[in-house]
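Just so we're clear, the structure is a prediction, and the values are computed from it rather than from any experiment.
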Amino acid sequence: MRKIHNSAVEAVERPAPEDTVTASFGRFISGLNPQDLSPTVLHRSKRMVLDSVGVGLIGSTTDVFELVLQHCQHMYARDDISSVYGRRGTRLSPTLAAFVNGVAAHSMDFDDTWHPATHPSGAVLPALLAISDMMPSNCKPSGLDFLLAFNIGIEIQGRLLRFSSEAHNIPKRFHPPSVVGTMGSAAASARLLSLDHSQCSHALAIAASLAGAPMANAATQSKPLHIGNASRLGLEAALLASKGLEASPLVLDAVAGVAGFNAFYEDYVPQPLLVAKDGGHSFLLEEQDMGFKRFPAHLGMHWVVDAAASVHKSLVGVESGTVSPALIQDILLRVPPSKYINRPFPESEHQARHSFQFNACSALLDGEVTVQSFSPAALRRPDLLELLSRVRVEHPHDNPANFNVMYGEVQVTLAGGDVLNGRCDTFYGHWRNPLTNDSLRKKFRNNAGTVLPPEKVEGLIEAVEELDQLRDCTPLLSRLQ
């Protein structure tokens with residue numbers, strides 16, 4: 001105990017040397033230049049911004065978004081600074097706007113996903129939009145500065161996740177964006193606020209004290225709060241650092257006897273994050289694209305849906321149509337072991353979004369899963385309930401709970417005894433098989449069009465595609481409501 005105590009005291013009192021991991025992250029955040037963004041990174045990050053705005057806009061129609069918006073309006077003093085997705089004339093304080101817009105981004109589980117597993121954009125973008133609204137009209141950040149801050153927030157998340165082997169698997173203990181998303185929001189916010197390298201390091205350390213949310217709240221209305229809080233609390237960490245608040249100078253380092261970031265990942269082995277002297281930092285987004293969802297559900301559902309849709313096509317042919325449950329005797333799903341997405345009879349839309357069984361059966365019936373698949377009426381369909389009662393689940397040893405190597409297999413035994421099989425190794429939208437620009441724009445138009453008129457929808461597409469050319473980001477900010 002004496003040894004642990006002394007280590008803790010030493011970690012608190014020791015000044016931050018310039019060669020610590022934590023200090024290197026601070027220098028990275030403050031030291032990058034817009035010229036470090038390659039054409040590939042610019043292209044991919046603009047797609048992320050467009051998708052995140054779209055899922056945030058459709059997310060502003062959900063019950064959970066309305067609930068948190070009313071809470072913020074009723075419980076806090078008016079501070080009409082930062083805009084709220086899809087609500088014309090509604091403004092909140094910057095931190096509360098980051099919160100509700102973050103909730104909107106994840107309210108339908110429609111936001112992007114990366115590997116190791118996290119939802120990177122929803123935690124970062126709302127904070128940057130809130131800061132940009134907060135800045136005077138003659139001092140708005142340029143589109144390129146906005147994108148640099150955004151990419152820094154994404155990069156910090158990816159680097160932290162890659163320091164752990166545990167982080168590569170589908171989570172069991174805590175929701176990753178509630179941890180690395182908070183850190184990413186703090187990093188991006190610190191950059192857009194032009195904090196110096198020491199303040200950037202402190203922003204990360206403060207954010208670490210505000211991070212974390214348990215996986216038990218997956219498939220509930222509280223899961224979207226994880227993204228909302230990540231965005232809000234990361235922004236608050238950066239604002240506190242800008243006021244001079246200090247925190248551990250070793251929070252990202254591995255210090256024996258006292259936990260920093262390794263409180264979240266026990267196998268955490270950090271490395272310094274260096275800025276190349278001649279520029280040209282290699283972003284992780286350059287190496288690995290982003291995963292975009294075609295329908296609003298947990299990422300794991302996309303494998304079983306594509307597999308089940310192939311069986312549906314075998315049953316009905318090229319013509320669209322619904323499969324009769326009378327044709328099907330048994331359904332076997334071969335999926336990775338993950339308890340929180342193994343839900344035989346989901347009772348709410350949030351549980352349905354996290355159910356292998358529900359999504360496979362919906363795709364078997366209809367050939368696809370859409371936004372409407374999770375409506376109350378769709379959840380209660382007699383044909384769907386009948387199919388759910390015939391589902392069995394197996395977890396093959398060669399199918400780990402890892403979004404980079406898992407697969408989904410659907411085996412359907414027909415009433416006459418014939419067996420049909422569908423398998424998906426890489427769904428359309430996965431980072432190895434990304435959505436085309438046309439598919440991404442179609443998704444955006446469908447989502448944004450639920451709350452915005454067509455001219456604003458098209459204006460947003462144009463503003464995002466030209467973001468790196470804009471002298472300031474007003475064209476983006478002005479079209480969000």
**Pairwise side-chain hydrogen bond (donor to acceptor under 3.5 Å, both in side chains) hits with a residue in residues 56-69, at least two apart** =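 Applying side-chain hydrogen bond (donor to acceptor under 3.5 Å, both in side chains) to every pair that reaches into residues 56-69, excluding sequence neighbours, yields Thr62-Ser107, Glu66-Gln70, Glu66-Arg87.
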Main-chain N/O of [Y] paired to [X] side chain as donor or acceptor, under 3.5 Å:
X      : Y      : result
Gln157 : Pro120 : yes
Ser185 : Thr182 : no
Ser389 : Glu386 : yes

**Asked** How far apart are the C-alpha atoms of Asp330 and Arg392, what are their side-chain angles, what is the distance that settles it, and do they pass the salt bridge (charged side-chain N to carboxylate O under 4.0 Å, His left out) test?
**Response** CA-CA 8 Å; Asp330 179 76; Arg392 296 180 294 120; 2.9 Å; yes
How about [X] and [Y]: does a side-chain donor come under 3.5 Å of a side-chain acceptor?
X      : Y      : answer
Thr370 : Gln372 : yes
Thr426 : Asn433 : no
Arg390 : Gln329 : no
Arg334 : Asn399 : no

**Item:** Listed once per pair and sorted, the ring-ring contact (aromatic ring centres under 6.0 Å, His included) pairs that draw on residues 365-393, sequence neighbours left out
**Value:**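 Passing the test, one end in residues 365-393: Phe358-Phe374.
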**All pairs passing ring-ring contact (aromatic ring centres under 6.0 Å, His included) where residues 320-350 contributes a residue, at least two apart** =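 Output for this query lists His298-Tyr340.
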Between the side chains of [Y] and [X], is the shortest nitrogen-to-carboxylate-oxygen separation below 4.0 Å, so that they form an ion pair?
X      : Y      : answer
Arg173 : Glu266 : no
Asp468 : Lys46  : yes
Arg381 : Asp366 : yes
Asp109 : Lys223 : yes
Asp306 : Arg294 : yes

**Request:** Starting at NE2 of His175, measure out to CG of Leu225 and round the result to the nearest 0.5 Å.
**Result:**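 The distance works out to 11.5 Å.
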**Message:** To the nearest 0.5 Å, what is the distance between OG on Ser314 and CG on Leu414?
**Reply:**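 Output value for this atom pair is 9.5 Å.
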Test of ring centre spacing under 6.0 Å for [X] and [Y]:
X      : Y      : value
Phe28  : His197 : no
Tyr265 : Phe163 : no
Trp303 : His430 : yes
His226 : His106 : no

**Prompt:** Looking at Phe295, does the NZ or CZ of Lys443 lie under 6.0 angstrom from its six-membered ring centre and within 45 degrees of the ring axis?
**Reply:**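 That pair does not qualify as a cation-pi contact.
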**Asked** When you measure from the centre of the six-membered ring of Tyr407, is the NZ or CZ of Arg423 under 6.0 Å away and within 45° of the axis?
**Response**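 Pair Arg423/Tyr407 counts as cation-pi.
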